[in-house]
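Quick note on labels: first sequence line is chain A, next is B, and so on, each numbered from 1. What you see is a predicted model; the values in this text were computed from it and never measured.
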Amino acid sequence: MSEKPELPDGSEDLNFVMRARREKLDALAAKGVPGFGYSFQRSHLASDCAELLGDAEEGPVVRLAGRVVAWRAHGKTTFAHLGDPSGRLQLYFRRDVLGDVYDTVEYFDLGDVIGVTGPLFRTRSGEVTVRVTEVELLAKSLRPLPFGKEEVVDGKTVRHSAFSDGEQRSRQRYADLAVHPEVRALFASRSAMTRAIRTFLDGRGFLEVETPVLQPLYGGALAKPFVTHHNTLDMPLYLRIADELYLKRLIVGGFERVYEIGHDFRNEGIDRTHNPEFTMLEFYQAYADYVEMMVVVESLVGAAAVAVRSALGSAADRPDAAAFDVSLEAGGFPRIEWLPALSAAVGVVDVLALDDGALRSQATRANVQGVATMSRPKLLDELFQAHIESAIDVPTFVVDYPLELSPLAKPKRGNPALTERFELFARGKELANAFSELNDPIDQRRRFEAQARLKADGDEEATMVDEDYLRAMEYGMPPTGGVGIGLDRLFMYLTGTQHIRDAILFPTMRPE
RNA sequence: GACCCGGUAGCUCAGCUGGUAGAGCAGCGGCCUUUUAAGCCGUAGGUCGUGGGUUCGAGCCCCACCCGGGUCACCA
């Protein structure tokens, strides 16, 4: 070996394992076996084979393709396991069956993608196996995958030396997925959840739409945005922090039921429950109020729970299976009224009657940080978080938020200090936010202007006046119920996932 | 941002009060035609996160920094 092959990254310091695999690739090429194929016609999946063989000792010929996930060479025979989307199946290579081809099999490695042909049979120990008569190398694995070794103890699979560094598993999700079928199953169940939600909404006559991600003004939530710049227009654009204001423009336009599933972006911290981009579902239903929307949310969350549960199947194996005990499909989540709940927790008749000074001292008593610089709405919200939200465990609606906390919600019938708004909490985390949408453009302008004053007074999260949105509302917007649900959070709740990193295929990470 | 824990071979980890690195798996060579964490024999593989410092001598002690995890704070 006078010349070292070059790594894609330019480093010539190939580790010895990778060097060996390059050499095998060359050796195979010398035998006329290309390292990378073009296609393969599968006849079956691994999981079909047990039924196909039945009780017989010898079965039909099958053609399987997938990744080599285990390899046990014994001289003139080799046992391997092939993993495909359905599971894994044992392969048996024999020199007396394959002849010279066996020489090429000896250059295969753990992780190679291969296609095999051969009859099914049952080994001495009873395992359904393919006696390989033809084999094709479809992709040589030049970099060793971090396979652990698996052992079955008392019917449970125990993995040894598994790939377990959470950071590397997130950074190299492809490797995490390649060696962990259960991670594939988890993310597949997330897709099942999304599909169930679409089916649910489509079935109720909602139209799925796409609205701008790049927005000249951001709104619909209180958060710090990502800012970018359009060169030709020479103007700043913001990545959306919410879909809300565009979806309600569509309600004005006559699409009476719309929804969007997409990413929102918030330029804030990253932690166990926050990723800078996350998946938001928002849906709006004309002529409905927030009470009707609560019932819809109960059904939708139930449908999502059923979908995740059935997709995960053997969820009982999951260490966090307790999350599945909550009988969400039953619906009828408990409801807590914002004002009486907080007033009782604080020990006053009406927290909204407290002046700013009294609120501040209450917030300080509740261990809220940074009280001195907070606006009144912020103080109220912090107080509520500290006393009520963090204690909520099972899915619970909190209803009727103060008007000053809810610039896009209609005043509550019978108590204009409150709004017709609810949030859904579970495990102390917000899952959904919804209201009877404010459709009075005169009131909406006053609310925007109050927000603008807060912003001027230094509240970084307060919003701007969106004149175009007001113009739309002036044309006439029907009464509408609207809901936003963070799908990452919902999925985490339904699966018991502790870290948002494990609910997002490619979470945002600092560069290596 | 604060505090705590961690970063050693491709993977998972060990390394006692400081004496300049170990195991298993993966790899390579050999033996092995029903194995399954295959086995046996042999072998190779490491700027111990980075940069300073203390010391005759640092994976280990000190300082700074980088990266990750956890807890708290923040994120309606």
Secondary structure string for RNA chain B (Watson-Crick or G-U under 3.5 angstrom, | for other-strand pairs): (((((((..((((.....[..)))).(((((.......))))).....(((((..]....))))))))))))....

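- Out of B:U33, B:U35, B:A26, the shortest distance to the side chain of A:Arg124 is found at B:U35.
- Only the P atoms considered, B:G57 is 22 Å distant from B:G22, to the nearest whole Å.
- Relative to the ring axis of A:Tyr102, A:Arg95 does not place its NZ or CZ within 45° and under 6.0 Å from the centre.
- Closest approach to the A:Lys24 side chain among B:U34, B:A76, B:C28 is made by B:C28 (side chain taken as heavy atoms from C-beta onward).
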Give the C-alpha distance, both sets of side-chain angles, the deciding distance and a yes or no for side-chain hydrogen bond (donor to acceptor under 3.5 Å, both in side chains) between A:His81 and A:Glu127. CA-CA 11 Å; A:His81 274 90; A:Glu127 182 161 352; 2.8 Å; yes

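- Nearest to the side-chain atoms of A:Glu382 among the listed nucleotides B:U35, B:A76, B:C74 stands B:C74.
- Out of B:A37, B:G27, B:U33, the shortest distance to the side chain of A:Ala20 is found at B:G27.
- If you check every strand for non-hydrogen atoms under 4.0 Å, A:Tyr92 touches a base.
- Nucleic acid contact for A:Ala70: none, since no nucleic acid atom lies under 4.0 Å from a heavy atom of the residue.
- Here, B:A21 and B:C40 have their P atoms 28 Å apart, quoted to the whole Å.
- Side-chain atoms of A:Arg171 lie closest to B:G68 of the nucleotides B:G68, B:A76, B:A73.
- An OP1 or OP2 oxygen of B:G69 is reached within less than 4.0 angstrom by a side-chain nitrogen or oxygen of A:Arg501.
- Under 4.0 angstrom from either OP1 or OP2 of B:U71 there lies at least one side-chain N or O belonging to A:Arg272.
- Going from the C1' atom of B:G7 to that of B:C48 covers 10 Å, rounded to whole Å.
- Spacing of P atoms, B:U33 relative to B:U47, comes out at 39 Å, to the nearest Å.
- Taking atom CD of A:Glu57 as the reference point, atom P of B:U34 lies 16 Å away to the nearest angstrom.
- Using a 4.5 Å heavy-atom threshold, the side chains of A:Glu389 and A:Glu430 count as separate.
- Nucleotide B:C13 holds its P atom 12 Å from the CZ atom of A:Phe163, rounded to whole Å.
- Distance from the side chain of A:Asp109 is smallest for B:C28 among the nucleotides B:C28, B:U34, B:U35.
- With C1' as the reference atom, B:C65 and B:U71 are 23 Å apart, rounded to whole Å.
- With 3.5 Å as the limit, one finds a donor-acceptor pair spanning the side chains of A:Asp400 and A:Tyr290.
- Considering only side-chain atoms of A:His499, the nucleotide from B:A76, B:U33, B:G70 that sits closest is B:G70.
- A:Glu127 comes within 4.0 angstrom of a base, heavy atoms only.
- Looking at A:Asp176 and A:Arg171, no side-chain N of the basic residue comes within less than 4.0 Å of a carboxylate O on the acidic one, giving no salt bridge.
- Ranking B:A37, B:A76, B:C32 by closeness to the A:Lys76 side chain, first place goes to B:C32.
- The CE atom of A:Met280 sits 10 Å away from the P atom of B:A76 (whole-angstrom rounding).
- For A:Lys149, taking side-chain heavy atoms from C-beta onward, the closest of the listed nucleotides B:A38, B:U34, B:A76 is B:A38.
- Base engagement by A:Phe121 is indicated by at least one non-hydrogen atom pair under 4.0 Å involving a base atom.
- Here A:Arg95 lies out of heavy-atom contact (under 4.0 Å) with every strand.
- Side-chain N/O atoms of A:Thr77 and base N/O atoms of B:U34 include no donor-acceptor pair closer than 3.5 Å.
- Atom P of nucleotide B:U12 and atom NE2 of A:His180 are separated by 9 Å, given to the nearest angstrom.
- A gap of 10 Å separates the C1' atoms of B:C61 and B:U55, to the nearest Å.
- When rounded to the nearest whole Å, the span between NE2 of A:His74 and P of B:C40 equals 12 Å.
- The existence of a salt bridge linking A:Glu337 and A:Arg335 is excluded, since no basic side-chain nitrogen approaches an acidic carboxylate oxygen closer than 4.0 Å.
- Only the P atoms considered, B:G15 is 30 Å distant from B:C28, to the nearest whole Å.
- At whole-Å resolution of the value, CZ in A:Phe278 and P in B:A76 are 9 Å apart.
- Annotation: A:Glu58, atom CD; neighbour count of heavy atoms from other residues, nucleotides and ligands within 6.0 Å is above 12.
- The 5' end of RNA chain B is approached more closely, in terms of each residue's nearest nucleotide, by A:Arg21 than by the other of A:Arg21 and A:Asn433.
- Judged purely by distance below 3.5 Å, without hydrogens or angles, the side chains of A:Tyr469 and A:Lys248 pair a donor atom with an acceptor atom.
- Heavy atoms from other residues, nucleotides or ligands lying under 6.0 Å from CZ of A:Phe79 number more than 12.
- Residue-to-nucleotide proximity on RNA chain B shows that, of A:Phe435 and A:Gln90, the 5′-proximal contact is made by A:Gln90.
- Rounded to a whole angstrom, the distance from the P atom of B:C66 to that of B:U17 is 29 Å.
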A:Tyr92/A:Gln90 under side-chain hydrogen bond (donor to acceptor under 3.5 Å, both in side chains): CA gap, chis, key distance, verdict: CA-CA 7 Å; A:Tyr92 185 37; A:Gln90 185 166 256; over 6 Å; no

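- Residue A:Arg72 places no side-chain N or O under 4.0 Å from the OP1 or OP2 atom of B:U35.
- Between A:Gln172 atom CD and B:G68 atom P there is a gap of 15 Å when expressed in whole angstrom units.
- Taking atom CD on A:Glu389 and atom C1' on B:C74, their separation rounds to 14 Å, with Å as the unit.
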